[in-house]
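What follows is one structure encoded as structure tokens, with my remarks underneath.
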Number of protein chains: 2
Amino acid sequence: MPGLRQRQKEYRQKRIASVAKTLFIERGYEKTTIEGIADAAGVSGVTVHNYFGTKAGVLLALVIENDRQLIDRLDESLENKTDDLVVLTTLFAKIVMEHALSNLAKVVWREVIATVTTNADSRLSKEYFKLDQQLALVLVRQIVALQKAGKVSERVDPLHLGKALFQIQNARFIQFISSDELTSADIEQKLRNDLEALFSVCRP
Amino acid sequence: MPGLRQRQKEYRQKRIASVAKTLFIERGYEKTTIEGIADAAGVSGVTVHNYFGTKAGVLLALVIENDRQLIDRLDESLENKTDDLVVLTTLFAKIVMEHALSNLAKVVWREVIATVTTNADSRLSKEYFKLDQQLALVLVRQIVALQKAGKVSERVDPLHLGKALFQIQNARFIQFISSDELTSADIEQKLRNDLEALFSVCRP
DNA sequence: AAAATATTTTTATTGAATAAAATATTTTAT
DNA sequence: ATAAAATATTTTATTCAATAAAAATATTTT
């Protein structure tokens, strides 16, 4: 039994997040103030701080919500699409980048990255990283499927490979959002270069 | 001929950076204020902003200086140390992590990462990224040497491989500084797992 | 030496973040 | 059902980063 106090807290929290999303879209991230969000949600500015810590924390809550959709979408979008690990990973990256930009501008994503690195052990950051882990597991599942189909050697460890591929993809994603110039095609090419080079190393 | 105005600017800039380093070490990053730095350097707070943009910008100037040392050191430290790409990369990572911690605390490094992602096209951030590129080239040179010694297949492209290895290493470095718990040994293990998994993929 | 130019400082403002005290609400115990 | 205890929010106040505009000052050029 959650109790009235608990429920009201959740209501308020959702109201703040919802109002913030509207303001971020209408006015942009920079021009949206905590006090503005608080006013529109009918609470005090301090309460917003108590709930989300920082302005970027409010944003993070929205990102988390939107990332859940991405994970669902990815499993379908990758199903039986390719036999090749390079193609699989670049396709994965392409979907991630497009989904990201469909929700938030690059400049806003930069704030997200900055927040999760500086406040890595806040509640919301931890949740963000959990979702990253789940994203890596999407790749792991695909690798397992390829292995069963005989397209990938039995010698490879799907878990470690999936995590490694996610790390590279993620590093390139961060590079993508860090620069206004770089297109998703640019990043796909860089990623392809990374993977081709790494896979050309065959050790005994 | 630089001119007096130019020279004084450089003096001031160096004085500010030097004073800031002392304060960061003595009082910690958080407790050091722009105004405090300005006072100690005998300039106005606005001037500090004009020169470095943000407080983290002052920090970045110090990081850049210290990173130059790292690059010199790496070339020597890796010379003829190993035949193996996994060992090479983990050793590289180990040196980078130890050098980083010998200069600044993790919590301060997080600010550096946050700054270069949010202000990716500021002057100082660009310089930071240039140094990252040079770090990648250290790996490239080592790969070329291994190739000449017949330890690495002629088929691999040293430039792309070096960049790819640096990306993975850097992603793990950021993970390292983002968590107080993770030791450099933890990260070395993760990196080894990444590389073993990637190198176990042998494509036609 | 005077004029033109560049740079810093002064002054002022906004907004994030945090802390402490005051107030209101909910929960628990009687 | 009510009083006491516990909990949460708001009010109030403060610090500091960041930015802008105008004024003051120093340097360079003529």
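Per chain, numbering begins at 1; letters A, B, ... match sequence-line order.
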Check for a donor-acceptor pair, side chain of B/Lys106 on one end and backbone N or O of B/Ser178 on the other, with a separation under 3.5 Å.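 Flag not set: sc B/Lys106 to bb B/Ser178 has no pair under 3.5 Å.
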Rounded distance (Å) that lies between atom [atom2] of [N] and atom [atom1] of [X]:
{"X": "B/Ile34", "N": "C/dA16", "atom1": "CD1", "atom2": "P", "result": "18 Å"}
{"X": "A/Phe52", "N": "C/dT18", "atom1": "CZ", "atom2": "C1'", "result": "18 Å"}
{"X": "A/Arg15", "N": "D/dT9", "atom1": "CZ", "atom2": "P", "result": "11 Å"}
{"X": "B/Arg7", "N": "D/dA26", "atom1": "CZ", "atom2": "P", "result": "17 Å"}
{"X": "A/Glu111", "N": "C/dA16", "atom1": "CD", "atom2": "C1'", "result": "12 Å"}
{"X": "B/His49", "N": "D/dT19", "atom1": "NE2", "atom2": "C1'", "result": "8 Å"}
{"X": "B/Ile37", "N": "D/dT15", "atom1": "CD1", "atom2": "P", "result": "19 Å"}
{"X": "A/Gln13", "N": "D/dA8", "atom1": "CD", "atom2": "C1'", "result": "13 Å"}

For each nucleotide in nucleotides 9-14 of chain C, reading 5' to 3', give B when a protein heavy atom comes within less than 4.0 Å of its base, S when such contact involves only the sugar-phosphate, and - otherwise. BBB---
Indicate whether any N or O donor in one side chain lies under 3.5 Å from an N or O acceptor in the other, for A/Asn50 and A/Thr47.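 No, no side-chain donor-acceptor pair sits under 3.5 Å.
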Under 3.5 Å side-chain donor-acceptor pair for A/Gln175 and A/Arg172: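 Per modelled atom types, A/Gln175 and A/Arg172 side chains form a pair under 3.5 Å.
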Using the ring of each side chain (for Trp, its six-membered ring), is B/Tyr29 parallel, tilted or perpendicular to B/Phe24, with breaks at 30° and 60°?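 Taking B/Phe24 first and then B/Tyr29, their aromatic rings sit tilted (interplane angle of 30° to 60°).
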Give me the stems containing DNA chain D, sorted by first residue, counting only three or more consecutive Watson-Crick or G-U pairs with both distances under 3.5 Å; say none if there aren't any.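 Runs of three or more consecutive pairs: C:1-30 with D:1-30.
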May I ask you to check whether over 12 heavy atoms, not counting those of [X], lie within 6.0 Å of atom [atom1]?
{"X": "A/Lys130", "atom1": "NZ", "answer": "no"}
{"X": "B/Arg27", "atom1": "CZ", "answer": "no"}
{"X": "A/Lys81", "atom1": "NZ", "answer": "yes"}
{"X": "A/Asn80", "atom1": "CG", "answer": "no"}

Under 4.0 Å: is that the gap between some side-chain N or O of B/Tyr51 and OP1 or OP2 of C/dT7?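 For C/dT7, OP1/OP2 do not have a side-chain N/O of B/Tyr51 under 4.0 Å.
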If you assign each of B/Gln8 and B/Lys55 to its closest nucleotide in DNA chain D, which residue comes earlier from the 5' end?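 Upstream on the strand: B/Lys55.
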Does this structure show an ion pair linking A/Glu65 with A/Arg68, if we count only N-O contacts that are shorter than 4.0 Å?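 Yes, this pair counts.
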